[in-house]
Amino acid sequence: MGANFGKNYKISIFGESHGSALGINIDGIPAGTKLDLEFISQEMRRRAPGRSKLTTPRVEKDEFEILSGFFDGKTTGTPLAMIIRNSNQRSKDYSELKKKPRPGHADWSGFNRYSGFNDIRGSGHFSGRITASLVFAGAIAKQILKEQGILIAAHIKSVKDIEDRDFVESDITEENIDKLRNMILPVLNEEIVEKIEEAVEKTREDKDSLGGIVELMVTGLPAGIGDPYFESMESELSRMIFSVPATKGIEFGAGFGITEMTGYEANDEMYYDENGDIKSFTNNNGGIIGGITTGMPISFKVAIKPTASIEKAQKTVNLETKQNDTLEVRGRHDPIIVPRVVPVLEAATAIVILDRILEGKKREL
Ligand SMILES: Cc1cc2nc3c(=O)[nH]c(=O)nc-3n(C[C@H](O)[C@H](O)[C@H](O)COP(=O)(O)O)c2cc1C
Ligand SMILES: C=C(O[C@@H]1CC(C(=O)O)=C[C@@H](OP(=O)(O)O)[C@H]1O)C(=O)O
């Protein structure tokens, strides 16, 4: 089933954007894990809609209710179920879309997959709203990983052609992560904030939308986590990252750029640092070789497409009249998904890393 992920930190998501609720069941959280509920709420707020002029005007608090698996501030070890109730649906915005599918959204593909029974309201189960549950599961995973010294950070690498600088390992401190977490546009070079705001505003006035790239880095992971071939760290991360709506590409380390290097340039030459730890001078392989962590930071970039739902008139088909037609999408949409997807991608990464660490622990038993 498409709604399940993980072999050890197992998640199962459910819900629709305009249904009564959405949520998640998580199995595999170690018993006795203390949960910082305020941290989870903060993570949910980072993703929640209606936070700024850069996001959809739909306002949802995304308050979560834990139904099971949590008692006296600690997990019980049995499945932890959580729901978020929807409160601000406006389903009339979607009445036209059953007959006129939106180019770039899942109306037509979903119609075929579910024989026309898919809930079109608010994009149903295809909505980016469903990622609220990922952020919840990721916030728990982040807490467990942090206890082991593993940190996950992300920033906006680019919006269209406006570029931020790349992460370096020394950027990944708790202080810097907190700073990025509190920014609507989490970037390293703050001079580009205004440029991004202006570009988004101008594109919105043109009834259009923008995309961009998010860069992520994971530090504190020892060498030796992961497996070769089908459960490689890259495979598992990619599978999860591509599950996040609007993701269209991923590259690890130097990514596609490695093809322009020679072997000598691409190889990450190794050395002992002053503490006797084995490091490499470069990290073109993004911290993963043979599907297994090298001990260098995991580093990857994710391509996020421009929002599909735009007001500009577009060509589409009319499934009722069986004629070609045009569509101007009305309703409340993100003019850019990139800032809102940042916490989702961090959470998705945390879920995978925890699942892989727990997989490794099984072999130690
Ligand atoms: C946080 C988040 C917010 C999103 N907001 C919107 C939106 O307002 N309008 C829209 O058309 N798509 C939005 N999307 C993207 C669609 O959900 C996505 O494009 C659609 O499900 C089709 O999937 P695909 O683009 O991965 O192929 C959002 C995605 C995420 C992760
Ligand atoms: C509500 C959220 O974003 C929604 C994501 C979304 C989509 O198609 O992905 C479409 C819009 O839904 P609606 O028409 O119901 O307002 C966005 O507002 C959310 O992410 O929580």
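If you read the sequence from its start, that first residue is 1, and numbering goes on from there. What you see below is based on every heavy atom in this structure, not just the backbone, and it leaves out hydrogens, waters and symmetry mates. All ligand and atom numbering here is 1-based and tracks the order in the structure.
When the options Ile336, Thr131, Ile337 are ranked by their closest heavy atom to atom 30 (C) of ligand 1, first place goes to Ile337. Between the choices Arg340, His105, His333, Arg90, the shortest heavy-atom distance to atom 3 (O) of ligand 2 belongs to Arg340.
Under the 4.0 angstrom criterion for non-hydrogen atoms, Glu60 is not in contact with ligand 2. For Arg47, the heavy-atom gap to ligand 2 drops under 4.0 angstrom. Distances from ligand 2 to the non-hydrogen atoms of Ala132 include no value under 4.0 Å. Look at Thr307 and you'll find a heavy atom under 4.0 Å from some atom of ligand 1. At least one heavy atom of His18 sits less than 4.0 Å from an atom of ligand 2.
If you check which protein heavy atom lies closest to atom 27 (O) of ligand 1, you get Lys248 NZ, 3.6 Å. Among all non-hydrogen protein atoms, the one lying nearest atom 5 (C) of ligand 2 is Ser127 OG, 3.5 Å. Closest to atom 8 (O) of ligand 1 among all protein heavy atoms lies Asp334 N, 2.9 Å. Scanning the protein for heavy atoms near atom 31 (C) of ligand 1, the closest one is Pro245 O, 3.5 Å. Annotation: atom 9 (O) of ligand 2 to nearest protein heavy atom, Gly128 N, 2.6 Å. Ranking protein heavy atoms by distance to atom 17 (C) of ligand 2, first place goes to Arg332 O, 3.7 Å. Summary of contacts: the protein heavy atom closest to atom 20 (C) of ligand 1 is His105 CE1, 3.4 Å.
With a 4.0 Å cut-off on non-hydrogen atoms, Arg129 does not touch ligand 1 at all. Contacts between Ser17 and ligand 2 below 4.0 angstrom, taking non-hydrogen atoms only, involve the side chain exclusively. Contact annotation: for Arg58 versus ligand 2, heavy atoms closer than 4.0 Å belong to the side chain alone. Contact annotation: for Thr56 versus ligand 1, there are no heavy atoms closer than 4.0 Å.
Salt bridge status for Arg46 with Glu346: present, with a side-chain N to carboxylate O gap under 4.0 Å. Classification of Asp107 and Lys100 as a salt-bridged pair fails, no side-chain N sitting under 4.0 Å from a carboxylate O. Glu169 has no carboxylate O lying under 4.0 Å from a charged side-chain N of Lys279, or vice versa, which leaves the two without a salt bridge. Taking the charged nitrogens against the carboxylate oxygens, Glu174 and Lys146 do have a contact shorter than 4.0 Å, which makes a salt bridge. Ion pairing between Glu198 and Lys195 fails under the 4.0 Å rule for side-chain N and carboxylate O. Taking the charged nitrogens against the carboxylate oxygens, Glu311 and Arg204 have no contact shorter than 4.0 Å, which rules out a salt bridge. For Glu328 and Lys312, the salt-bridge test fails: no basic side-chain N is under 4.0 Å from an acidic carboxylate O. Here Asp171 pairs with Arg165 in a salt bridge; the nearest charged N to carboxylate O distance falls below 4.0 Å.
Checking only distances, Thr56 does come within under 3.5 Å of ligand 2, N or O to N or O. Ligand 1 has an N or O atom lying under 3.5 Å from an N or O atom of Ala246, backbone or side chain. Residue Pro49 places no N or O, backbone or side chain, under 3.5 Å from any N or O of ligand 2. For Asp93, no nitrogen or oxygen atom sits less than 3.5 Å from a nitrogen or oxygen atom of ligand 2, counting backbone and side chain alike.
Considering all non-hydrogen atoms of both residues, Tyr9 and Ala141 come closest at OH-N, 3.8 Å. Scanning all heavy atoms of the two residues, the minimum distance from Ile184 to Ser52 falls at CG2-OG, 3.7 Å. Between Thr56 and Arg332, the closest heavy-atom pair is OG1-O, 3.3 Å. In plain terms, the two heavy atoms of Asn283 and Ser299 that are nearest each other are ND2-CB, 4.4 Å. Taking all atoms of both residues into account, the shortest heavy-atom contact from Val342 to Ala154 is CG1-CB, 3.8 Å.
For ligand 1, the atoms lying closer than 4.0 Å to a non-hydrogen atom of Phe126 are 17 (O), 21 (O). Listed by number with element, the atoms of ligand 1 under 4.0 Å from a non-hydrogen atom of His333 are 7 (C), 8 (O), 9 (N), 10 (C), 11 (O). Ligand-side atoms of ligand 2 in range of Ser123: 8 (O), range being under 4.0 angstrom from any heavy atom. Taking a cut-off of under 4.0 Å to the non-hydrogen atoms of Ser309, the atoms of ligand 1 that pass are 9 (N), 10 (C), 11 (O). Residue Lys305 has at least one heavy-atom neighbour below 4.0 Å for each of these atoms of ligand 1: 19 (O), 24 (P), 25 (O), 27 (O). Each of the following atoms of ligand 2 lies closer than 4.0 Å to a heavy atom of Tyr94: 10 (C), 11 (C), 12 (O), 13 (P), 14 (O). Numbered from 1 in the order shown, with element, the atoms of ligand 1 that lie under 4.0 Å from a heavy atom of Ala308 read 11 (O).
When atom types are taken as modelled, the side chain of Ser123 and the backbone of Ala106 share no donor-acceptor pair closer than 3.5 angstrom.
Two rings, from Phe167 and His155, have their centers less than 6.0 Å apart.
Between the side chains of Glu359 and Asn8, at least one donor-acceptor pair of N or O atoms lies under 3.5 Å. At a cut-off of 3.5 Å, with distance as the only test, a side-chain donor of Ser91 or His18 sits close to an acceptor on the other residue.
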